[in-house]
There are 2 protein chains.
Amino acid sequence: MTEPAPKTRIQKKNTGVILEAALDVFSQHGFRGATLDQIAQASGLSKPNLLYYFPSKEAIHISLLSGLMDTWLDPLRRLDPGGDPVDEIVGYVRLKLRMARDYPRESRLFANEIVQGAPRILDQIEGPLKALVDEKAAVIGGWAEAGRIAPHDPHHLIFSIWATTQHYADFDVQVRGILGGGADPFSEAEAFLTGFYRRALEPR
Amino acid sequence: MTEPAPKTRIQKKNTGVILEAALDVFSQHGFRGATLDQIAQASGLSKPNLLYYFPSKEAIHISLLSGLMDTWLDPLRRLDPGGDPVDEIVGYVRLKLRMARDYPRESRLFANEIVQGAPRILDQIEGPLKALVDEKAAVIGGWAEAGRIAPHDPHHLIFSIWATTQHYADFDVQVRGILGGGADPFSEAEAFLTGFYRRALEPR
DNA sequence: TGAGAATCTGACCAAACGGTCAAATGGGAG
DNA sequence: CTCCCATTTGACCGTTTGGTCAGATTCTCA
């Protein structure tokens, strides 16, 4: 599936530069809205030179998406079945929110792709992503059955965490437009979300 | 801002047909990804005929967006300061989720637009949308101060409702990919979200 | 240093795109 | 029926887009 890894020093540098520039452009305009010329200009390379390193526009996009999937799933992977249930889940919320703050382009890249039907990563969703979510949902479900957290559907609990945290990256414009210029959405969001999830999860 | 209302019977019918087809196409592919030919084919009209009713592709898009904003805000408008606080907010969650279920194309149209910076509706966000949100946030804030709901930042509470409900429309592919074929995401989501918000909001 | 491979570029191409226009067709009021 | 205006269309245009290619330049290593 992946191309053979870059060999030479120049290849390593330029594929990196291209992917960085492409992340900028794709996350801002979506796949169809981005043009090779934009990516070329952003990366400081000529258009034919892009196509020397990647066989097509779509190949750049796919390379970005599959490279990101791992990073994106990492916080969930860290959810520890042996830890304190509420702390673990709230910690996951906090971690996911920080990723939205620190990697908004990555978040928007995924959002763009999935909103439009995820034609290029549907198999990854139904494969490794589903597997990991099912595994962690089982852990959370176990906590719920043991009465260590309030009883909530674990899959939808995870969805809600994704939704609420990525919202601050994907809908950044809307959030800032409503809050006004003075506020820092992310620090406010961290206070709100940790309090909110803690209250919803603590058993009574 | 708006064009003069359609006069003749044919005008009324065809502008409707066009907007319906355009909603399909724009919500699936985004503004840049949609083409006039696609909209023409979906509406059963010829491309020049589209441009007889709308001056440009962008005009169709803007017409859709501004026509939708009102519908989209309606559930929030219905939040009653005189009702029971928890019931009102949970009722809003339920209403918003049903809109996501019944009007997923509209939700995705907004999502596409906002993810990419909302270039065509930023003023509506900072204007009437912000005004309505501020008004309702004040109501919720009052409930919190009176101890009738748990203390949560009202603006971010509203954001979380938007995020969790629209998630089921905007990220439908992902949700179904993870849940598998058997489930009905929306009825599961309603059970989860009402329980979750009730628990997070009820004062102790 | 020199030869061969790797890297880079200007010029170019075919298709797709948003949009125009003159002319043809259709509907409806008198 | 007729005339006029609304509606519809095929043909066309200039631009943008993803991608190609032959050749120039640079790098690497024996």
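Chain letters run A, B, ... following the sequence lines, proteins first, then strands; residues in each count from 1. Note that the coordinates shown come from a computational prediction; the quantities given were computed from them, not determined experimentally.
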According to ring pair (Phe, Tyr, Trp, His ring centres under 6.0 Å), who are the partners of A:H29, at least two apart in sequence or on a separate chain? none
Going by the side-chain hydrogen bond (donor to acceptor under 3.5 Å, both in side chains) test, which pairs reach into residues 183-194 of chain B, not counting sequence neighbours? A:H156-B:E188, B:R94-B:E190, B:R98-B:E190, B:D184-B:S187
Which two nucleotides bound the region of DNA chain C that has atoms under 4.0 Å from heavy atoms of chain A, read 5' to 3'? C:dA6 to C:dC17
Partners of B:E88 by side chain to side chain donor-acceptor pair (under 3.5 Å), sequence neighbours excluded? none
The criterion is salt bridge (Lys or Arg N to Asp or Glu O under 4.0 Å); which residues satisfy it with A:D87, sequence neighbours excluded? A:R198
Taking only Lys NZ, Arg NE, NH1 and NH2, and the carboxylate oxygens of Asp or Glu, determine whether B:E126 and A:R176 approach each other closer than 4.0 Å. no
For DNA chain D, find the residues of residues 30-39 of chain A with a heavy-atom distance under 4.0 Å and give them by number; none if there aren't any. A:A34, A:T35, A:L36
Report, one pair per line, the protein and nucleotides 27-30 of chain D atoms (nitrogen or oxygen only) whose separation is under 3.5 Å.
from   : atom 1 : to   : atom 2 : distance (Å)
D:dT28 : OP1    : A:R9 : NH2    : 2.8

When the distance from CZ of A:F54 to P of D:dG18 is rounded to whole Å, what number comes out? 16 Å
Determine, stepwise, if the pair B:Q116 / A:N112 fulfils side-chain hydrogen bond (donor to acceptor under 3.5 Å, both in side chains). CA-CA 8 Å; B:Q116 298 184 10; A:N112 264 310; 3.1 Å; yes
Just N and O in the side chain of B:N14: are any of them under 4.0 Å from OP1 or OP2 of D:dA6? no
Of all of residues 112-122 of chain A, which get a heavy atom below 4.0 angstrom from DNA chain C, listed by number? none
When you measure from the side chain of A:K136 to the backbone N and O of A:L79, does any donor-acceptor pair fall under 3.5 Å? yes
Do the side-chain N and O atoms of A:D134 and A:H155 include a donor-acceptor pair separated by under 3.5 angstrom? yes
To the nearest Å, give me how far apart NZ (A:K47) and P (D:dG18) are. 7 Å
Which residues pass the side-chain contact (heavy atoms from CB on, under 4.5 Å) test with A:R78, sequence neighbours left out? A:D74, A:L95
Name all residues meeting the ring pair (Phe, Tyr, Trp, His ring centres under 6.0 Å) criterion together with B:Y197; count only those two or more places apart in sequence or in a different chain, and write none if there are none. A:F196
Please state how far atom CG in A:N49 lies from atom P in D:dT26, giving the value in whole angstrom units. 13 Å
Could you tell me which residues satisfy side chain to side chain donor-acceptor pair (under 3.5 Å) with A:S107, sequence neighbours excluded, listed by chain and number? A:D170
Rounded distance (Å) that lies between atom P of D:dG19 and atom NZ of A:K57: 8 Å
Name the residue closer to the 5' end of DNA chain C, choosing between A:Y52 and A:P48 according to the nucleotide with the nearest heavy atom. A:Y52
Taking A:F31's backbone N and O only, do any of them form a donor-acceptor pair with A:K57's side chain (distance below 3.5 Å, no angle check)? yes
Taking side chain to side chain donor-acceptor pair (under 3.5 Å) as the test, write out the residues that go with B:E135, two or more places apart. none
